[in-house]
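Excluded from the calculations below are hydrogen atoms, water molecules and symmetry mates; all remaining heavy atoms, backbone and side chain alike, are included. So that the names make sense, note that chain A is the first sequence line, chain B the second, and so on, each numbered from 1.
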Number of protein chains: 2
Amino acid sequence: MTKSKALSQSEENYVKEIFHLSGRDKMKVSTNSLAEKLDTKASSITDMLKKLGDKKLVSYEKYKGCVLTSQGEKIAVHIIRKHRLWETFLVNKLNFGWDEVHDVAEQLEHIQSSKLVDGIDRFLNFPKVDPHGDPIPDKDGNIDYQESKVPLSEISIDAIVEVVQVNEDSFELLQYLDQINLSLGSSIKVTERVAFDESIMIELDDKHKLSLSKKVAENIAVKFKTK
Amino acid sequence: MTKSKALSQSEENYVKEIFHLSGRDKMKVSTNSLAEKLDTKASSITDMLKKLGDKKLVSYEKYKGCVLTSQGEKIAVHIIRKHRLWETFLVNKLNFGWDEVHDVAEQLEHIQSSKLVDGIDRFLNFPKVDPHGDPIPDKDGNIDYQESKVPLSEISIDAIVEVVQVNEDSFELLQYLDQINLSLGSSIKVTERVAFDESIMIELDDKHKLSLSKKVAENIAVKFKTK
DNA sequence: AATAATTTTTAGGTATGACTAAAAATAAGA
DNA sequence: TCTTATTTTTAGTCATACCTAAAAATTATT
Ligand SMILES: [Mn+2]
Ligand SMILES: [Mn+2]
Ligand SMILES: [Mn+2]
Ligand SMILES: [Mn+2]
């Protein structure tokens, strides 16, 4: 077992982003999609992919995109574990809002100390999901994808569902959801589907009715209530 | 008020180390002393001092050493605040030993988020000292140097004192102190001073007698009990 | 299949923060 | 003071992680 030197923050960010873009079906990730997400130029991506290729973290063929090796995937999952544990810590222990945690977690996810990560995990009592409802990988890298969750945009009229996850990528979405008092665990009844713009009318816990655009509904995942 | 871009981790480490070496009387800090502490070569120090000089964080004259400007000092104190708060968090909340926190705190001290720092401070209930007894600067940068503390090596026979601070720089010292069951708050009576090697005999809380070398005694600070 | 558009790679730079080796300044010793 | 030793700075490299502009490969369109 050759103990490889720790990755740079940059390398870690690349590996993590490849994991996200690759998705559960492990699609090849294109240079341009990475460039956009990482907010760099395509040429920088090519450079880094070569390096990560040499380090056996991605398998990369020129012009054909890349995928993580199992080693790279292990690393990605571990970074995501840290990111989500820190987000949970910030919200549960330090009273951050769910819209305030991402940038700080982007920094904290690079701290190297397994004792720290596992300590935070235990301190939080081994949470299953982060403040946005995303699953937190366990110590061994297992991820509990809640298979039963579906986008709110796909729910049929009169179904009553529970919010289990929201897209954390947009600060604005998270703030908007706060404003309309929608959070994880909220109960939602879809009362109408407007064909014209594909928006939906919903009724929240408190019987409050409101309209959600298609775009918003697509970024909220729900599951059917198992009462 | 020009909002200056955040410093790099390297720049922060330099500023912090200059603060420590400069001491309370703000002595000029030599290139070599910095090189030794930061574990780099003197030429690298010169390069960085020029840069920090340009940024008005140190005042630096060739061949004459450097001191922090008041701006640089402010930054140094803030980094030290973060370092010590994190150490306290690790020990008080995650059950780290006082010998295990330094390396992790070296990383955590660079996280940029005033909301986070102040959140941790409040979460810990505004601690005054870190796990090694070093004072934690408050939000405004005030440091409560406990003026009454003195090295154990200077205490005269039969005096009864309380341990208030230990030198955190040596992993080995901290482990040794753990082993002999000496911690912050321990009560110590000096029973004998051995002229030959300047070691001392002490009696701990539990009436246990033991000998401490001069070097160990120099790295333990105590204050007289005010009962 | 030929041409055009898009994507990706190469080639050549830049800034940061390290390094070595040699020169210059300062401090110490005779 | 003169000479030597030490400290510090300069000069020139190197690796990382970016960048721009141009070339090459791939994909889409006629
Ligand atoms: Mn996040
Ligand atoms: Mn999240
Ligand atoms: Mn420390
Ligand atoms: Mn400390």
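Taking atom CD1 of residue B:I45 and atom P of nucleotide D:dT6, one finds them 20 Å apart after rounding to whole Å. A straight line from CG of A:D47 to P of C:dG13 spans 15 Å, rounded to a whole angstrom. In this structure, B:K5 places its NZ atom 12 Å from P of C:dA15, rounding to the nearest Å. Across the protein-nucleic acid pair, A:E12 atom CD and D:dT16 atom C1' stand 15 Å apart, rounded to whole Å. Rounded to an integer number of Å, the gap from CG of A:L49 to P of D:dT16 is 16 Å. Between the CG atom of B:L38 and the C1' atom of C:dC19 there is a distance of 15 Å, rounded to whole Å. In this structure, CE of B:M48 is placed 11 Å from P of C:dC19, rounded to the nearest angstrom. Rounded to an integer number of Å, the gap from CD of A:Q9 to P of D:dT16 is 16 Å.
In this structure, CD1 on B:I18 lies 9.0 Å from OG on B:S33, to the nearest 0.5 angstrom.
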Exercise. Quick one: what's the B/S/- string for nucleotides 20-29 of chain D, heavy-atom cutoff under 4.0 Å, read 5' to 3'?
Worked result: B---BSS---
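Checking the phosphate oxygens (OP1, OP2) of C:dT9, a side-chain nitrogen or oxygen of A:Y60 falls inside 4.0 Å. For B:N32 and D:dT8, the shortest distance from a side-chain N or O to OP1 or OP2 is below 4.0 Å. B:Y14 has a side-chain polar atom (N or O) that falls below the 4.0 Å cut-off from OP1 or OP2 of C:dA18. Note on B:K50: a side-chain N or O is less than 4.0 Å away from OP1 or OP2 of D:dT10. Side-chain N/O atoms of B:S30 include none lying less than 4.0 angstrom from OP1 or OP2 on D:dT7.
In this structure, B:K50 fails the cation-pi test against B:Y60, since its NZ or CZ atom is not both closer than 6.0 Å to the six-membered ring centre and inside 45 degrees of the ring normal.
Within the 4.0 angstrom heavy-atom criterion, base atoms lie near A:T46. Residue B:T31 is in sugar-phosphate contact alone, with no base atom involved, counting any heavy-atom pair closer than 4.0 Å across all strands shown.
With sequence neighbours excluded, the residues that form a salt bridge (charged side-chain N to carboxylate O under 4.0 Å, His left out) with B:E147 are B:R24. Scanning for salt bridge (charged side-chain N to carboxylate O under 4.0 Å, His left out) contacts around B:D134 gives an empty result, with sequence neighbours left out.
Salt bridge status for A:E198 with A:K215: absent, with no side-chain N to carboxylate O gap under 4.0 Å. B:E109 and B:R84 are not joined by a salt bridge, as no carboxylate oxygen comes within less than 4.0 angstrom of a charged side-chain nitrogen.
Taking for each of A:E11 and B:V29 the nucleotide of DNA chain D with the nearest heavy atom, the 5'-most of the two is the partner of B:V29.
Checking A:Q165 against A:H132 by side-chain atom types alone, no donor-acceptor pair falls below 3.5 Å.
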